Each structure stands twice: as C-alpha cells, then as structure tokens.
J.: 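I am attaching a structure below and will ask some questions about it afterwards.
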Amino acid sequence: NHARHSNEFICAYRQGWDEDHLRRLQLFADFKQALLSDEICLFFQPKVDPLSRENLGAEALIRWIHPEFGFVNPEEFIAVIESAGQIHLLTRWVLRTAVHQVSQLQALGTDLTMSVNLSALDLLEDDFPEYIQRLLRESQLPASSFCLEITESAIMQEAERSLKNLERLHAMGLLISIDDYGTGYSSLSQMKSLPVSELKIDKSFVLELETNQEDRQIVRSTIELGHTLGLKVTAEGVETAGARDWLINHGCDILQGYFYSKPLPAHDFSRWVQDYLHEEAQ
Ligand code: C2E
Ligand code: MG
Ligand code: MG
Ligand code: MG
C-alpha cells in the first residue's frame with residue numbers, strides 16, 4: 001500500500017516536472033551516499049613548471065560515476081549541490097581527500113602543491129578557515145602545500161565577507177589562485193588588492209592559441225599583468241606542443257593541460273609523478 005502511494009506520488013510529479021528537474025532531484029538525493037561510496041572520487045591533473053621539475057603541482061578535480069546516469073559533469077552536479085545549500089559537505093570531502101593524497105605522496109618522497117577548487121559559498125562560511133586549520137594540524141602538512149582555486153566572480157559576489165576569509169587563509173600560508181581568469185569582470189584595482197599568488201588563464205583563451213591572434217594578444221597581456229602584480233601565471237588547457245612552446249616563450253610560469261596529462265585517478269597520478277620525476281634524473 002505504501003509502495004502504491006509513493007508511486008502515485010512520483011507519477012503526479014513526473015507530469016508536472018521535466019526530466020531535467022527530476023535528474024537534479026535524483027542527483028541531490030543520491031549525493032551524500034555517493035560521497036561515502038566510490039562513485040565519487042578525486043582525479044588529479046599535474047600543474048607543471050616547464051623550467052623546474054621541483055615545482056610540481058596538481059589540481060584535484062571531482063568525478064562522479066552515477067549508477068543510473070553514468071559520468072555526470074562536475075559543473076552540473078556542483079550547481080545542484082550548491083543550490084541545495086550542501087556544497088560545504090562536498091568541499092570538505094574534497095579537502096580531506098586531497099590532504100590524504102598529499103600525505104600519501106609525501107610518504108613516497110614526493111612534495112607537491114595540491115590545488116583544490118572552491119565554490120563561492122565556501123568563502124561565506126565563517127568557520128571555513130578553521131576547518132582547514134584543523135585538517136592541516138591533523139595531517140601535519142604545511143599550509144603552503146595547498147592552493148585554493150576560486151573564480152573572480154565568486155570572490156566579488158559578496159566581496160567583503162569573501163575577502164575576509166581569503167585574507168585569513170592567505171595569512172595561514174595557503175596559496176590562493178584566481179581560476180578562469182579573463183572570464184569575469186574584476187577591475188585592475190580589485191585585482192591589486194586581492195591576497196592571491198596565482199592567476200590562472202581560462203582555457204578558452206589557450207585552446208586555440210596557435211591559430212587565434214586575438215587569444216595570443218589576450219594571453220600575452222594577461223601574463224604581463226600577472227607579473228606586474230607579482231603573481232605566478234598559469235595557463236590551463238595546454239593541449240599541444242605548439243601552445244606549450246608559445247607559453248614558455250612568453251614567460252608563462254605554470255602549464256596545465258592534456259599535453260602533459262589528463263586528470264588521472266589517484267593511483268595513475270602517483271605513477272605519472274614518479275615517471276615525471278624519474279625522467280629528470282636521466
Ligand atoms: P576548472 O577548475 O577551471 O578546471 C579545469 C577544467 O578543464 C577541468 O574540467 C579539466 O578537466 C579541464 N581541462 C584540463 N586540461 C584541459 C585541456 O587540455 N583541454 C581541455 N579541453 N580541458 C582541460 P572538469 O574536471 O570537467 O571540471 C570543470 C569545473 O568543475 C572546474 O573548472 C571547476 O570549476 C569545477 N570543479 C571540478 N572539481 C571541483 C571540486 O572539487 N570542487 C568545486 N567547487 N568545483 C570543482
Ligand atoms: Mg580550477
Ligand atoms: Mg579554470
Ligand atoms: Mg572552469
């Protein structure tokens with residue numbers, strides 16, 4: 001009887017709601033359990049300093065293979081979880097998992113800087129810096145092993161509150177990166193006052209670097225701007241040797257993209273790192 005009722009309930013809603021809405025509901029309903037299972041995991045993509053193998057970094061990127069929907073784009077489910085007010089659960093899971101990965105690599109003798117993406121809402125949580133502080137204390141890892149990637153628009157949404165937390169995180173010794181740079185609207189004066197250490201050029205300017213004169217101009221002046229502000233400049237979406245060479249010639253500090261490696265599961269990533277560091281020794 002109960003089953004019949006709940007079927008009727010679902011049918012009633014199915015008529016009024018489109019498939020998209022149902023999919024979002026399903027994702028939301030499944031997400032907490034998925035975090036505890038291995039449906040959700042972190043992949044890692046190297047951030048390479050073309051001039052020194054010692055300066056290795058990685059970006060943690062979340063992946064969800066849903067039993068019904070298969071691969072779900074992170075931007076899709078992150079939006080769902082954000083609008084349900086649950087993003088702190090995801091972010092904290094990502095941070096814990098990233099810390100774990102850094103500890104494991106350290107045990108293999110590898111030091112690297114791990115970047116984690118934040119949502120705008122994370123910076124509005126007053127106890128967010130304390131949470132990170134606690135994770136660092138428990139893991140005994142230095143704050144400088146972690147970089148937080150956040151978009152300009154995320155910072156500017158509630159600039160005063162976000163900035164307060166950013167300042168605290170920066171003061172703790174974490175690196176801060178402006179992600180997807182060039183797609184937002186921050187002014188030069190705003191950029192100047194941010195406690196950041198890295199400017200990450202959005203891949204939309206990098207993917208067609210070799211054929212698009214306009215993109216080259218934008219990237220060239222962004223590298224200059226970043227250096228003027230004393231920041232490291234990273235390019236994401238480096239897919240070809242041509243783009244890599246152009247970026248190196250124009251002083252881009254850190255490169256990330258399929259040319260070096262796609263995002264990899266933890267085990268494959270640590271193998272990639274061992275190979276990468278081993279090549280140098282030869
Ligand atoms: P993002 O932080 O700007 O990450 C860069 C995206 O570019 C990633 O997509 C990455 O897989 C992709 N990418 C890297 N190299 C290349 C390349 O050479 N060519 C191309 N075409 N793409 C490349 P992904 O993993 O689908 O993530 C999309 C976005 O989802 C991220 O953009 C980030 O905003 C968000 N995201 C991913 N993981 C997390 C997370 O753990 N927390 C939060 N809050 N957001 C996340
Ligand atoms: Mg990022
Ligand atoms: Mg980006
Ligand atoms: Mg992005």
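From a predicted model like this one, the values you see are computed outputs, not experimental measurements. Note that ligands are numbered from 1 as they come in the structure, with each ligand's atoms numbered from 1 the same way.
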J.: Aromatic rings Phe77 and Trp64: how do their planes relate, parallel, tilted or perpendicular, breaks at 30° and 60°?
T.: perpendicular
J.: Nearest to atom 20 (C) of ligand 1 by heavy atom, Glu76, Glu239, Glu75: which?
T.: Glu239
J.: Could you check whether Thr151 and Asp180, counting side-chain N and O atoms only, form a donor-acceptor pair closer than 3.5 Å?
T.: no
J.: Glu149: which N/O/S atom is nearest the Mg ion (ligand 2)?
T.: OE1
J.: Hey, does Ile62 come in under 3.5 Å of ligand 1, counting only N/O atoms on both sides?
T.: yes
J.: Any chance the side chains of Glu82 and Ser119 put a donor and an acceptor closer than 3.5 Å?
T.: yes
J.: Think Arg63 forms a cation-pi with Phe71, using NZ or CZ under 6.0 Å from the six-ring centre and within 45 degrees of its axis?
T.: no
J.: Considering the heavy atoms of Val94, write down every atom of ligand 1 situated less than 4.0 Å from one of them.
T.: 41 (O)
J.: Taking only heavy atoms of Asp179 into account, list the atoms of ligand 1 that are under 4.0 Å away from them.
T.: 1 (P), 2 (O), 3 (O)
J.: Taking atom types as modelled and ignoring hydrogens, do the side chains of Glu59 and Ser115 form a donor-acceptor contact shorter than 3.5 angstrom?
T.: no
J.: Could you tell me if any non-hydrogen atom of Glu59 lies under 4.0 Å from any atom of ligand 1?
T.: yes
J.: Using a 4.0 Å cutoff against the non-hydrogen atoms of Pro263, which atoms of ligand 1 qualify?
T.: 11 (O)
J.: To which of Leu95, Leu42, Asn117 does the heavy atom nearest atom 42 (N) of ligand 1 belong?
T.: Asn117
J.: Does ligand 1 have an atom that lies less than 4.0 angstrom from a heavy atom of Gln256?
T.: no
J.: How about Glu59: does one of its N, O or S atoms come closer than 2.8 Å to the Mg ion (ligand 2)?
T.: yes
J.: So, Ser270 and Gln104: side-chain donor and acceptor under 3.5 Å apart, yes or no?
T.: no
J.: Below 3.5 Å, N or O to N or O, backbone or side chain included: is there any such pair between Asn73 and ligand 1?
T.: no
J.: On a heavy-atom basis, I'd like to know which of Thr183, Ile78, Val206, Thr91 is closest to atom 36 (N) of ligand 1.
T.: Ile78
J.: So, regarding Arg63 and ligand 1 (criterion: nitrogen or oxygen to nitrogen or oxygen, under 3.5 Å), is there a contact or not?
T.: yes
J.: Within the distance-only criterion (no hydrogens, no angle test), does the side chain of Asp49 pair as donor or acceptor with the backbone N or O of Ile254 below 3.5 angstrom?
T.: no
J.: Should Lys200 be listed as contacting ligand 1, given a heavy-atom distance under 4.0 Å as the test?
T.: no
J.: Check for me, please, whether Leu61 and Leu95 land in the same ILVMFWY cluster - side-chain distances under 4.5 Å, paths through other members count.
T.: no
J.: Quick check on contacts: which atoms of ligand 1 are under 4.0 angstrom from a heavy atom of Gly257?
T.: 15 (N), 18 (O)
J.: Can you list the atoms of ligand 1 that are under 4.0 Å from a heavy atom of Ser119?
T.: 44 (N)
J.: Could you tell me whether any N, O or S atom belonging to Asn117 is less than 2.8 Å from the Mg ion (ligand 2)?
T.: yes
J.: Ignoring hydrogens and angles, state whether a donor on the side chain of Gln256 or Lys200 is under 3.5 Å from an acceptor on the partner side chain.
T.: yes
J.: Which is closest to atom 10 (C) of ligand 1 in terms of heavy atoms, Leu61, Leu121, Asp122?
T.: Leu61
J.: Would Asp275 and Arg271 pass as an ion pair if we require N to O under 4.0 Å?
T.: no
J.: Go through it in stages, so that I can follow the logic: the residues are His66 and Asp30, the test is side-chain hydrogen bond (donor to acceptor under 3.5 Å, both in side chains), and I'd like the CA-CA distance, side-chain angles, deciding distance and then a yes or no.
T.: CA-CA 9 Å; His66 188 277; Asp30 295 344; 2.7 Å; yes
J.: Under 6.0 Å from the CG atom of Asp38, do we count more than 12 heavy atoms belonging to anything else shown?
T.: no
J.: How wide is the angle at the Mg ion (ligand 3) spanned by Glu236 OE1 and Asp180 OD1, rounded to 10 degrees?
T.: 150°
J.: Side chains of Ser197 and Lys232: is there a donor and an acceptor less than 3.5 Å apart?
T.: no
J.: I'd like to know whether Gln274 forms a side chain to side chain contact (heavy atoms under 4.5 Å, CB included) with Leu108, so could you lay out the CA-CA distance, the side-chain angles of the two residues, the decisive distance to 0.1 Å, and finally the verdict.
T.: CA-CA 9 Å; Gln274 303 313 317; Leu108 294 172; 3.8 Å; yes
J.: Using a strict cut-off of 4.0 Å, indicate which atoms of ligand 1 neighbour a heavy atom of Pro74.
T.: 24 (P), 26 (O), 27 (O), 30 (O)
J.: Which option wins on minimum heavy-atom distance to atom 15 (N) of ligand 1: Glu82, Glu236, Gln45, Glu149?
T.: Gln45
J.: Using a strict cut-off of 4.0 Å, indicate which atoms of ligand 1 neighbour a heavy atom of Leu207.
T.: 19 (N), 21 (N)
J.: Write the atom name of the N, O or S atom in Asp179 that is nearest the Mg ion (ligand 2).
T.: OD2
J.: Under a 4.0 angstrom heavy-atom cut-off, which atoms of ligand 1 come close to Asp180?
T.: 3 (O)
